[in-house]
J.: 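Have a look at this one.
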Amino acid sequence: MTSQFSSLKEMQTAIEEVLPKQCELTKCEVEGPQVVLYLKNIKAFYEDRNLLTKLASRVRKKITLRSDSSVLLPPEEALNKIKALVPPDAGINEIKFDTAFNEVVIEAHKPGVVIGKGGLVLKSIVLETGWNPRVLRSPTSPSEVVRAIRASLLHAGEDRKKFLVNLGKKMLVPSMPCDWVKVTALGGFREVGRSCTLLQTPKSNILVDCGLNVDSSDPARMYPYLNSMGMALDQIDAVILTHAHLDHSGFIPFLYAYGYEGPLYCTPATRDLTVLLLQDCINVMNGEGKGSPYGEKDIKKMLSHTITREYGEVTDVTPEVRFTFYNAGHILGSSQVHLHVGEGLHNLVITGDFKYGRTKLLDPADTRFPRVETLIMESTYGGSHDMQPPIEEGAAKIARVVRQTMERRGKVLIPVFSVGRSQEIMLILEEQFREDMGLKVYIDGMSKEASGIHTVYPEYLRHNIQRRILQNDSPFDKPLFSNVVPKNRKDIAESDDPAVILAPSGMLTGGSSVEFLKLLAHDERNSIIFVGYQSATSLGRKIQMGSKEVPVINDKNKLDTLKVNLQVETADAFSGHSDRNQLMAYVRALRPKPSRIINIHGDEAKCDDLSRSLSRMMHIDARAPMNLDSTRLK
Ligand SMILES: [Zn+2]
Ligand SMILES: [Zn+2]
């Protein structure tokens, strides 16, 4: 199905039948999911407006054009030409040449201006310099992670090129009949954490997510059951990542450390957020003395093997399987994965974490797919009593608790996932509290970086936020927000000025939220507001449930007891997960209807409760298998 061609030569012949001679094709390559044509005369190509469509439908792949190296203008000359061609209001930040791909990388504050109406500016850059432009958006507040990722990818150009061409070769094989498909639960089934699902067909082994249970320090519960696959890591063909959270991404660098050489597919926003979270994960693990199962260089290797795809882009993963990402509404860049197996043999959707409801930041998860027979869905809030109040109610509660605490001259600690919840709560606070009201909002940990990454990808956000970022009025860059330097935590906690502190981790499982808790918990003038999921064994859950004394590790690295006197509140409305009603509404809205549902990513009772209700109320075969169970889908 992937390709009707079993060799590059066969494909090139087919291309030459469509491509006019005067384009002077010098090389044709399959570079990962796309076909790249090197031409000496791109101008001749542009003479037929429909040529690209004709070629793409002939080879059934995305086609990219590049100039043959012999016609590229020397970089210094090209640089001057580009500066003259791009209107100054584009706000160009940087122009770099990626010689491995004959591309020029242009980073600007207004990519739309670099592209020009109908792509006219880009076209003129190609025609006048030969270099193929790759346009990137600059974050509105400088992001160290984004800068490092872009530099690292540019630096790894030659290796990346080799990797992509090798991957392309694997796609060009004679098609074989595909007559079965099964999924195996390697982690995150009847639990939250270490999500990992293996999809297999006669010739494909694909992992969807490969996460860590950050809430556990027991290796038997922390890592997915990769050993049970009975194959070496280099036999995995691809890893597809739904979103950046560590319970989905946290074990991926381990694969690269121990022999995996294949691609990681995710959206561009997921790539950047994942690198941010993984780097922090290493620091936290090493800081806690747990030791980390991989290092910085494995994250780099992962990055150079990452292939980003946008929502709706159909991508061949193996000759038997193709996938498409759809919006999941959970965090920036989060995706549901639609997998098409064999020539129409089976279609399955893995939701990843999803929100079927509006948030301040994102649109609700998509519910329309070309076909879906099996649905593997998250069940975090799958219990029949797991209802969340409307977002306005949650926002009002936060505002109320903050005001009460301000009157007592106390501090409000809001433990948040640095990615997702943090930005959602920032939007609420920005809406509720003006700069002149005497409140300061401190952002600790990676939330600032995460917000910076949000400003690189406004197209993923809800329309009004998107518009504000594009108009240079980013809600994340307001003076209401200040960043926390670790050495100032004590001063912030002890000062008399009212303040809200947003700090990760969201479940008080480590990170600066625990540091602030230790400084604030004794004083009843202070408050803590839980705004996200608290897993069964987390410190967050203990406090949420009313424990007045909780165990913590003190400054001397000894176990200590912390008295909890502060006001404890929960504002549930901001979860990035669907509540019970939204989970049911999502299945009801799905088109077409699946015939089988597998419930995952929830405590045992929640998975069971949701699958029982789905079977009974929607007459769908729903079940909640255990880790290590395999299910034959076809
Ligand atoms: Zn998540
Ligand atoms: Zn998750």
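All ligand and atom numbering here is 1-based and tracks the order in the structure. Just so it is clear, the model here is predicted, and its values are computed rather than measured.
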J.: With 2.8 Å as the limit, jot down which protein N, O or S atoms are around the Zn ion (ligand 1).
T.: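 Short answer, with waters excluded from the count: His243 NE2, His245 ND1, His330 NE2, Asp353 OD2.
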
J.: Determine the interplanar angle of the Tyr223 and Phe251 rings, folded into 0 to 90°, and report it as parallel if under 30°, tilted if 30 to 60°, perpendicular if over 60°.
T.: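 The arrangement is parallel - the two ring planes meet at less than 30°.
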
J.: Is the Tyr326 ring parallel, tilted or perpendicular to the Phe369 ring (thresholds 30°, 60°)?
T.: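 Answer is perpendicular, since the angle exceeds 60°.
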
J.: Let me confirm one number: the CD1-OG distance from Ile597 to Ser611, rounded to the nearest 0.5 Å.
T.: 9.5 Å

J.: I'd like to know whether the aromatic ring centres of Tyr258 and Tyr260 sit less than 6.0 Å apart in this structure.
T.: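 Between Tyr260 and Tyr258, which both carry aromatic rings, the centre distance is not below 6.0 Å.
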
J.: Closest heavy-atom contact between Ile299 and Pro253?
T.: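 Scanning both residues completely, I find the closest heavy atoms to be CG1-CG, 4.1 Å.
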
J.: With sequence neighbours excluded, tell me which residues meet side-chain contact (heavy atoms from CB on, under 4.5 Å) with Gln432.
T.: Ala395, Ala399, Arg403, Ile428

